[in-house]
Undergrad: 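Shown below is the structure under consideration.
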Amino acid sequence: MTDRRVAEMTLETLKAFVTEIVDEQLNLKQQLRQNGRSVEEALAAMDRIRWTPPPDSPTTLELLREDRER
């Protein structure tokens, strides 16, 4: 589909665009299910592998300030 503003689309074109986006999202969701993991399982895996910095490490704000001072 060409780049156009929604306000410039006809009703038929807009319906086709919305249908295309919905179909893409449904296909993506179906592919994720076929991979064998649910959304909940994927989120749980992300939680397990998340890295948490040590309590005494500098914050992102402190790191930015150090970088600006250089």
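In what follows, residues are counted from 1 in the order of the sequence shown. Note: hydrogens, waters and symmetry copies are ignored here, and every other heavy atom, side chains too, is used.
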Undergrad: Would Leu14 and Thr10 count as a side chain to side chain contact (heavy atoms under 4.5 Å, CB included) if you check the C-alpha gap in whole Å, the side-chain angles of each, and the deciding distance to 0.1 Å?
TA: CA-CA 6 Å; Leu14 180 59; Thr10 64; over 6 Å; no
Undergrad: Output the distance between atom CZ (Arg5) and atom CE (Met9), rounded to the nearest 0.5 Å.
TA: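 The distance works out to 11.0 Å.
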Undergrad: Could you state the interatomic distance from CG (Asp23) to CD (Glu20), rounded to the nearest 0.5 Å?
TA: 8.0 Å
Undergrad: Same hydrophobic cluster for Val6 and Val22, using side-chain heavy-atom links shorter than 4.5 Å among ILVMFWY?
TA: yes
Undergrad: Quick one: are Leu43 and Val39 in side-chain contact, heavy atoms under 4.5 Å?
TA: yes
Undergrad: Which atom pair, heavy atoms only, marks the closest approach of Ser57 to Pro54?
TA: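 So the two residues come closest at OG-O, 2.8 Å.
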Undergrad: A side-chain contact here means heavy atoms from C-beta on lying under 4.5 Å apart; do Glu24 and Ile21 qualify?
TA: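 They are in contact (side-chain heavy atoms under 4.5 Å apart), so the answer is yes.
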